[in-house]
Amino acid sequence: AQSVTQLGSHVSVSEGALVLLRCNYSSSVPPYLFWYVQYPNQGLQLLLKYTSAATLVKGINGFEAEFKKSETSFHLTKPSAHMSDAAEYFCAVLNTGTASKLTFGTGTRLQVTL
Amino acid sequence: GAVVSQHPSWVICKSGTSVKIECRSLDFQATTMFWYRQFPKQSLMLMATSNEGSKATYEQGVEKDKFLINHASLTLSTLTVTSAHPEDSSFYICSARVYGQGSYEQYFGPGTRLTVT
């Protein structure tokens with residue numbers, strides 16, 4: 001079964017600084033990978049997804065992620081953090097097969113400071 | 001974009017009572033819906049997968065008699081927490097899946113916070 005590991009449960013950056021949230025995957029087949037954002041007391045919103053097309057995926061709110069097979073990584077980046085980016089971010093992999101299900105990482109809380 | 005709604009957004013109930021949570025896909029039909037549970041500061045844990053018109057498939061460790069799921073139509077799934085206890089207090093999130101543009105799209109509801117007193 002596929003899985004994802006998010007390194008760093010908490011990341012703090014200054015406003016305007018680079019955001020880097022790490023996600024590594026484990027999969028024996030080409031994975032479908034996702035990044036979701038969750039604001040307090042809300043559901044999840046899809047930021048971007050990788051579905052074996054372009055390895056650099058651009059998402060909403062200025063976020064992007066690069067699929068690197070050699071590193072089994074799918075890190076999320078944003079060149080300049082904004083206060084409104086403070087939230088919980090989840091990496092997920094779609095477990096393919098007859099019961100396709102998303103498996104989520106443990107999440108990374110992004111704090112943005114002035 | 002596709003919208004998934006949940007009702008209620010929060011509910012407080014007494015121990016021993018049952019609570020029903022509705023999940024609706026507002027502008028699309030979803031053959032598959034998912035129910036997740038999220039504890040504070042933790043990730044989402046899949047509870048069950050439901051397909052319209054058939055019985056839900058529960059994840060290991062989830063009591064199907066306690067968490068009743070009904071997926072009566074392509075736009076509505078319900079989760080009923082029966083004989084609720086304080087340990088059932090949690091944030092419940094539903095999600096609806098649709099296949100489009102060559103891949104699955106999964107949309108999440110805003111969640112329902114259940115507090116059992």
Side-chain angles (χ1 to χ4, degrees), chain A residues 1-11 21 23 29-54 57 59-61 67 86-111, chain B residues 1-10 21 23-26 31-51 54-60 62 90-115:
Chain A
Q2 294 94 325
S3 65
V4 288
T5 302
Q6 290 185 245
L7 298 176
S9 59
H10 183 259
V11 171
L21 304 182
C23 174
V29 298
Y32 284 8
L33 295 162
F34 305 79
W35 274 101
Y36 288 89
V37 61
Q38 184 181 33
Y39 297 99
N41 297 309
Q42 294 187 28
L44 273 65
Q45 181 182 10
L46 179 67
L47 282 175
L48 50 81
K49 64 179 180 180
Y50 169 76
T51 57
S52 73
V57 182
I60 62 171
N61 301 340
F67 174 75
E88 189 84 19
Y89 291 80
F90 292 98
C91 181
V93 61
L94 181 67
N95 277 285
T96 56
T98 56
S100 298
K101 298 179 287 190
L102 282 175
T103 299
F104 290 89
T106 50
T108 298
R109 180 164 298 276
L110 176 65
Q111 181 182 17
Chain B
V3 178
V4 176
S5 70
Q6 279 184 244
H7 178 80
S9 56
W10 59 270
I21 302 170
C23 176
R24 293 181 184 273
S25 57
L26 297 186
T31 54
T32 304
M33 286 188 172
F34 304 87
W35 286 95
Y36 296 86
R37 183 174 182 177
Q38 185 180 33
F39 291 104
K41 301 186 187 302
Q42 294 188 27
S43 188
L44 280 72
M45 183 183 71
L46 180 63
M47 299 174 65
T49 302
S50 73
N51 292 294
S54 61
K55 290 184 178 180
T57 301
Y58 290 81
E59 295 298 302
Q60 191 173 8
V62 178
S90 190
F91 195 52
Y92 293 88
I93 301 174
C94 75
S95 178
R97 174 187 289 170
V98 63
Y99 189 81
Q101 298 181 335
S103 67
Y104 287 114
E105 297 284 348
Q106 193 163 330
Y107 301 96
F108 289 80
T112 296
R113 183 160 302 283
L114 169 63
T115 301

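Here is the naming used below: chain letters follow the sequence lines, and residue numbers restart at 1 for every chain.
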Atom NE2 of His10(A) with >12 non-hydrogen neighbours under 6.0 angstrom: yes
- prompt: Can you tell me how far the OH atom of Tyr36(B) sits from the CG atom of Leu102(A), to the nearest 0.5 Å?
  reply: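 Nearest 0.5 Å value for the OH-CG distance: 4.5 Å.
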statement: Value for CH2 (Trp10(B)) from CG (Asn41(A)), rounded to nearest 0.5 Å, stands at 12.5 Å
field: Nearest heavy-atom neighbours spanning Gln42(B) and Phe90(A)
entry: O-CZ, 3.9 Å
- line: On a heavy-atom basis, the closest approach of Ser43(B) and Thr106(A) is CB-CA, 3.9 Å
Decide yes or no for [X] and [Y]: does some side-chain heavy atom of the first lie under 4.5 Å from some side-chain heavy atom of the second?
X	Y	answer
Thr57(B)	Lys101(A)	no
Tyr36(A)	Leu44(B)	no
Leu46(A)	Glu105(B)	yes
Gln38(A)	Phe91(B)	yes

- prompt: Which answer fits Gln6(B), side chain, backbone, both or neither, if we ask what part of it has an atom under 4.5 Å from a heavy atom of chain A?
  reply: neither
